[in-house]
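As structure tokens, the structure follows; a few thoughts come after it.
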Amino acid sequence: MSRDTRFHSQVRRLLKAVSHGPVTSSVAFQLSRSGLLPSAVWRRLPVRGEFDVRLDGGHSFRYSSDDGLGRALFWKGMSAWCEATELRDFCRLAAHARRFVDVGANTGVYSLLACAVNSECRVMAFEPVPRLHEHLTANLQLNGWTDLCEMHRE
């Protein structure tokens, strides 16, 4: 094994230990949310299982994915993913919508947002990539919103 390979392996083990230890993960979480943990670090910290994504107005949804978006949502919240004004505008519109169509839904963040702020909104989510469609389905099931959202792979 080369020196670079050993180094990267050790860094991965260290990052896993930081994100999985109860004390170290709590410290890393507080540092990332306060802006003191550089994005070069928190973007590489793995996420374990399911977590809550909190929104303004007391709304929230559960999310599960250890991809780049999942890490951003976990370590930094919605602000790491989109601008606060865009998020507020989307949530304000979704709160009054009867229908929402999410084309290219990916893992379902916009579908989840729409369902979180408006339990009367009916969502149609389209995601053709099988792996992403599985995450979309899992995230909607995690929140109990499969009855609010009609999912399509085509």
Side-chain angles (χ1 to χ4, degrees), residues 1-84 86-88 90-91 94 100-117 123-154:
M1 186 182 301
S2 74
R3 183 177 176 193
D4 285 346
T5 304
R6 282 194 305 270
F7 174 76
H8 285 101
S9 177
Q10 289 171 340
V11 168
R12 278 193 294 277
R13 280 198 300 274
L14 174 65
L15 291 174
K16 187 176 180 180
V18 166
S19 66
H20 286 60
V23 173
T24 54
S25 66
S26 177
V27 170
F29 186 79
Q30 295 303 321
L31 289 173
S32 68
R33 290 292 172 110
S34 67
L36 296 173
L37 191 66
S39 64
V41 175
W42 65 256
R43 288 184 190 278
R44 288 173 173 78
L45 292 174
V47 175
R48 290 185 314 192
E50 307 162 0
F51 56 91
D52 289 321
V53 178
R54 303 210 184 281
L55 310 169
D56 291 341
H59 301 288
S60 67
F61 60 86
R62 303 275 300 153
Y63 190 82
S64 177
S65 182
D66 188 30
D67 59 1
L69 177 55
R71 287 190 295 277
L73 291 173
F74 181 82
W75 293 107
K76 293 294 284 183
M78 288 300 297
S79 65
W81 183 59
C82 65
E83 296 294 325
E86 293 170 359
L87 178 62
R88 274 194 301 273
F90 177 82
C91 289
F100 172 65
V101 178
D102 191 355
V103 178
N106 201 296
T107 57
V109 174
Y110 278 107
S111 294
L112 294 166
L113 283 168
C115 291
V117 299
V123 176
M124 290 180 68
F126 296 86
E127 180 49 61
V129 178
R131 177 182 54 83
L132 295 175
H133 189 270
E134 288 173 17
H135 283 290
L136 165 67
T137 303
N139 281 323
L140 288 164
Q141 288 173 343
L142 182 61
N143 288 279
W145 292 334
T146 54
D147 59 329
L148 298 178
C149 186
E150 183 180 317
M151 295 164 284
H152 300 273
R153 283 185 54 189
E154 302 168 357

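Keep in mind it's a predicted model, so treat the numbers as computed, not measured.
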### Query
Okay, side chain of Arg62, backbone of Asn143: is any donor-acceptor separation there less than 3.5 Å?
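The answer is no, because no donor-acceptor pair under 3.5 Å joins these two groups.
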### Query
Between Trp75 and Leu45, is there a donor-acceptor pair closer than 3.5 Å when you use the side chain of the first and the backbone of the second?
yes
### Message
Under a plain distance cut-off of 3.5 Å, with no hydrogens placed, do Asp52 and Ser60 share a side-chain donor-acceptor pair?
### Response
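Result is no, nothing qualifies.
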What are the two closest non-hydrogen atoms of [X] and [Y], and how far apart are they?
{"X": "Ser65", "Y": "Phe51", "result": "O-CE2, 4.5 Å"}
{"X": "Gly77", "Y": "Arg33", "result": "N-NH2, 3.4 Å"}
{"X": "Ser111", "Y": "Ala125", "result": "OG-CB, 3.6 Å"}
{"X": "Ala94", "Y": "Val117", "result": "CB-CG2, 3.7 Å"}
{"X": "Phe29", "Y": "Ser32", "result": "O-OG, 2.9 Å"}
{"X": "Thr107", "Y": "Leu112", "result": "O-CD1, 4.5 Å"}

Any [X] side-chain heavy atom under 4.5 Å of [Y] side chain:
{"X": "Asp56", "Y": "Leu87", "answer": "no"}
{"X": "Phe61", "Y": "Leu55", "answer": "yes"}
{"X": "Met124", "Y": "Asp102", "answer": "no"}

Just verifying a value: how many Å separate [X] [atom1] and [Y] [atom2], rounded to the nearest 0.5 Å?
{"X": "Ser34", "Y": "Lys76", "atom1": "OG", "atom2": "NZ", "result": "7.0 Å"}
{"X": "Leu136", "Y": "Phe126", "atom1": "CG", "atom2": "CZ", "result": "11.5 Å"}
{"X": "Asp67", "Y": "Asn106", "atom1": "CG", "atom2": "CG", "result": "7.0 Å"}
{"X": "Met78", "Y": "Leu73", "atom1": "CE", "atom2": "CG", "result": "6.0 Å"}

### Message
Once side-chain hydrogen bond (donor to acceptor under 3.5 Å, both in side chains) is applied, what residue pairs with a partner in residues 128-139 remain, sequence neighbours excluded?
### Response
none
### Message
Between Tyr63 and Val109, is the side-chain contact (heavy atoms from CB on, under 4.5 Å) condition met? List the steps.
### Response
CA-CA 8 Å; Tyr63 190 82; Val109 174; 3.8 Å; yes
### Task
Return the orientation label for the Tyr110 and Phe100 ring planes: parallel under 30°, perpendicular over 60°, tilted otherwise.
tilted
Return a table of donor-acceptor pairs under 3.5 angstrom between the side chains of residues 146-154 and protein atoms on other chains or two or more places apart.
residue: Glu150; atom: OE2; partner: His152; partner atom: NE2; Å: 2.7

